[in-house]
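What follows is a single structure, written as structure tokens, with notes after it.
Throughout, a chain's letter reflects where its sequence line sits, starting with A, and its residues are numbered from 1. Just so you know, these numbers come straight off a predicted model, no measurement behind them.
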2 protein chains.
Amino acid sequence: MPISNQDLRKAGLKVTLPRIKILELLENSKQHHLSAEDIYKTLLEQGEDVGLATVYRVLTQFEAAGIIQRHHFENNHSVFEIMQEDHHDHLVCLNCNKVVEFTNDVIEKEQHSVADQHGFALTGHSLNLYGYCSDAECQEAFRKK
Amino acid sequence: MPISNQDLRKAGLKVTLPRIKILELLENSKQHHLSAEDIYKTLLEQGEDVGLATVYRVLTQFEAAGIIQRHHFENNHSVFEIMQEDHHDHLVCLNCNKVVEFTNDVIEKEQHSVADQHGFALTGHSLNLYGYCSDAECQEAFRKK
DNA sequence: ATGGCTGCAAACATTTTGCATCCGC
DNA sequence: GCGGATGCAAAATGTTTGCAGCCAT
């Protein structure tokens, strides 16, 4: 279900235009892993009058509220996505930047076992696989590399 | 075995003082995951007259030459480490920034299977577990959070 | 001696902050 | 109307680049 205005209020955030627009984008855009820049540019294109600073502020607040999640890929590409029910990891295409989500229970379980073995209190993790996706163009780029 | 001057020459790199010093640091420092800033400051403390730009340039060249590896942790902490024989992943303490290496064959194998399933040509991956290490101080920070 | 390497300063990209104004409640 | 939220510009952060001089080969 989509994030409602109530959800925002519950997080102590007023329901303002920039916040609504940013949420909409994250929920409805086809590739729902967006960078701050992506969001900013798209809003400008839509004729919204927002500042890049606001985009960053809103994204930071949303992250703190647990509404969205932030990822730093090795690409040097930071992206945000709506928080989802089930945890998942990412496959990132180094050519077209496409992101594919996947889940794998075996890996998930192993991670906890590793943390335990080292006496770590696990609070999060990131698993990103980098490669070239199945698009002809990207496979081409892979061969050329 | 340590990286030799020959190894540098083989990579098309002249054997210069900054390069030697940076290699020494990466090989001998206790916590062998260092940021560019760490390296720069340590060299200054040792009385070496290097520029931060040189540190970055050398690290980039070393990475291209396969001598070292670069990691971007979600901390917003980028670190470098000497390339090792066997691949390994990382446990990162969010309190003291300590990095612990681990290997897990089960996870390793699953990753390839996931990439295959999605038609990706896998070229690399990063798996980082974040949490609080077993140091009393860090466990304390974890409880307070 | 020559071409790569260096330090410095300036440029860059990304993200954060200060502040006067604005707007949701 | 109040206090949080915004846009803008400036600052902070992390990294890269241009350039004149330096040094390994």
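On the nucleic acid side, DNA chain C contacts chain A at distances under 4.0 Å to non-hydrogen atoms, with the end points of that region at C:dT14 to C:dC25.
Judged purely by atom type and a 3.5 angstrom limit, B:Arg19 uses its side chain to pair as donor or acceptor with the backbone of B:Lys14.
B:Ser113 and B:Asp116 share no side-chain donor-acceptor pair at under 3.5 Å. For the residue pair A:His88 and A:Thr103, no side-chain donor N or O sits within less than 3.5 Å of a side-chain acceptor on the partner. Between A:His112 and A:Glu110, the side chains place no donor N or O within less than 3.5 Å of an acceptor N or O (distance only, hydrogens not considered). In the model, A:Glu27 has no side-chain atom that pairs as donor or acceptor with a side-chain atom of A:His32 under 3.5 Å.
D:dG14 atom P lies 15 Å from atom CD1 of B:Ile39, rounded to whole Å. Computed from coordinates, the A:Lys21 NZ to D:dT6 P distance equals 14 Å when rounded to whole Å.
For the side chain to side chain contact (heavy atoms under 4.5 Å, CB included) test with A:Leu129, the passing option among A:Val92, A:Val100, A:Leu91 is A:Leu91; the others fail.
Here A:His125 and A:His87 bring their ring centres to under 6.0 angstrom of each other. If you look at B:Phe73 and B:His90, their ring centroids are closer than 6.0 Å.
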Worksheet item: If the sugar-phosphate is the primed atoms plus P, OP1 and OP2 and the base is the rest, what is the B/S/- string for nucleotides 15-25 of chain D, using protein heavy atoms under 4.0 Å?
Response: BBBB-----BS
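In the helix from C:dA1-D:dT25 to C:dC25-D:dG1, the terminal helix axes, each the rotation mapping four pairs' C1' atoms onto the next four within five end pairs, subtend 30°, rounded to 10°.
A 4.5 Å side-chain heavy-atom check between A:Leu34 and A:Leu26 finds at least one atom pair inside the cut-off.
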Worksheet entry | Check against side chain to side chain contact (heavy atoms under 4.5 Å, CB included), A:Ile68 and A:Arg70 | CA-CA 7 Å; A:Ile68 64 173; A:Arg70 172 187 236 133; over 6 Å; no
